[in-house]
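Not measured: the values here are computed from a predicted model. What you see below is based on every heavy atom in this structure, not just the backbone, and it leaves out hydrogens, waters and symmetry mates.
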Amino acid sequence: MQTLPSTLPDWLALLENRHSETQINMGLERVLAVKQRLQLAFSCPVIMVAGTNGKGSTCAMLESVLLRAGYKVGLYIKPHFLDFNERARVLGEMASDEQIVASFQAVEAVRGDTPLTYFEFTTLAILHLLSHAGLDVAILEVGLGGRLDAVNVIDADVAIVTSVDIDHTDYLGDTREAIGFEKAGIFRPGKAAICSDPVPPQSLIAHAEAIGADLWLMGRDFNYSGDKQQWNYGGRDQRRNSLAYPSLRGANQLLNASAALAALEVLKLKLPVGAQEVRTGLVTVELPGRFQVLPGRPSVILDVAHNPHAAAALNQNLGNMGFHPYTYAVFGSMLDKDIDGVLAAMGEHVDHWCLATLPSPRSASASELAAKVQIMLGGKSDSSEHTISVFDDPAQAFANAVSRAGENDRIVVFGSFLTVAGVMKARRSSLH
């Protein structure tokens, strides 16, 4: 009989070891079986959010507004940057080690001989934690796709798909139509299905109609308008005017905010929210690693843009920042990403590339990235105006950028979550 761990780090180590035997395994049968044994159910409204980009921002806006309105809000969001506990939030605070360990033990107690991946096990545990937290509303972020994601064992009262673009092609398909179908898998018959992608794939619309979901489309059922000072939301029968821009910076944040407000419109009888709570919630929302500009000089921007769609948005946001003599990029990526597409989207603004190998067997090596940047630059990298440097990890790449950047320059850290997390970790340890 194996002795089970008593601390969160030991539990995570155990799950990671087990995980090496059960890789990503698309299919819900095992998760459903354990969910039933756990008697896992929510007695409050559930909002589920999927999408290629914008999921985290939409979840964070919903959480911020609903907390301002006085509701007891639970949030499952991922991945984490520094502490696993970031994935489970109750009333805006990270869950404690003790709460998470208790839920790990609950899952393990009923799992029997059903194998679960790391993601499936931790998802069930966090859903268990949230379902026992006496919530008024639960917000659940989908990890990968939708239809076969472990979160989808829960039936959402409102399902949101933020954007559909090409990513995770090994699992989801390599066209927007194939990926749209996977994301539409979180829709339920008779329940609101919101899509804030301005050009939704036909497969998503067809699936929503086939199952009889109540489909809300951007531009048809809800929309936004605005000027430089403020913006307005218009839904089926609710308008919200003179709204401040969300504190999350970036080009697509009004699409995300509109999706969040459409979800609140759907739930307005169960979870009424006033105009002031919407305004304050949007102005105070925080989400690390999404065009996050750190205080101080040179400017440091953290962004988890790791596909061409997100990199294009990051590039646009950099263009809106005003003049900086030089831009240093700290970049690391998984090998299975469209690295050429990401680099092409970002090439316009970057002068100096500090490339990092990530702490993952799936990482592209810094030298592989360097070869791709070299091709993109077409031989311009030999001058002092354009340089390419390679490093063993993101912390070293960031330290190099900091040592070279002038105070009016900027450093943009982007790519995989592991790139941003590596820099966050290095900054945290340098502050202590």
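In the model, R410 has a side-chain atom that pairs as donor or acceptor with a side-chain atom of T327 under 3.5 Å. Inspection of the E348 and N315 side chains reveals an N or O donor paired with an N or O acceptor under 3.5 Å. A donor and an acceptor atom, one from each side chain of R404 and T387, are located under 3.5 Å apart. Side chain to side chain, E368 and S365 meet the donor-acceptor criterion of an N or O pair below 3.5 Å. A donor-acceptor pair shorter than 3.5 Å can be found between the side chains of H128 and S103. Side chains of N232 and R240: no donor on one and acceptor on the other come within 3.5 Å. With no hydrogens or angles considered, no side-chain donor-acceptor pair links N307 and D338 at under 3.5 Å.
Proximity of the aromatic rings of F104 and F121 is defined here by a centroid distance below 6.0 angstrom, and this criterion is met. For F414 and F331, the ring centers are positioned less than 6.0 Å apart.
Within the 4.5 Å cutoff, side-chain heavy atoms of M48 are placed close to those of N152. Put simply, the side chain of L369 reaches to within 4.5 Å of the side chain of I339, judged on heavy atoms. The side-chain heavy atoms of D351 and E385, taken from C-beta on, include no pair separated by under 4.5 Å. Annotation: side chain of I154 is in contact with side chain of F42 (closest heavy-atom distance under 4.5 Å). Proximity of W353 to V390: side-chain heavy atoms (C-beta onward) are nowhere separated by under 4.5 Å. For the pair P200 and L217, the minimum side-chain heavy-atom distance is below 4.5 Å. Using a 4.5 Å heavy-atom cutoff, the side chains of R427 and F398 are in contact. The shortest distance between side-chain heavy atoms of V46 and I139 does not fall below 4.5 Å.
The cationic group of K78 lies under 6.0 Å from the six-membered ring centre of Y76 and within 45° of the ring axis, placing it in a cation-pi geometry.
Taken from OG1 in T52 to NZ in K183, the straight-line distance is 4.0 Å, to the nearest 0.5 Å. Of the inter-residue distances, the one linking T419 atom OG1 with M334 atom CE reads 7.5 Å to the nearest 0.5 angstrom.
For E177, the CD atom sits in a packed shell: over 12 heavy atoms of surrounding residues, nucleotides or ligands are nearer than 6.0 Å.
Using the six-membered ring where Trp is involved, F84 and Y118 have ring planes that are perpendicular, over 60° apart on the 30 and 60° scheme. The aromatic rings of Y245 and W231 sit tilted relative to each other, their planes meeting at an angle between 30° and 60°.
Between D237 and K268, at least one side-chain N (NZ, or NE/NH1/NH2) sits under 4.0 Å from a carboxylate O, which counts as a salt bridge. Ion pairing between K191 and D157 holds under the 4.0 Å rule for side-chain N and carboxylate O.
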Legend entry - Stepwise salt bridge (charged side-chain N to carboxylate O under 4.0 Å, His left out) check, K425 with D393: CA-CA 12 Å; K425 209 166 279 178; D393 60 55; over 6 Å; no
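In plain terms, the two heavy atoms of I301 and V293 that are nearest each other are CG1-CG2, 4.0 Å.
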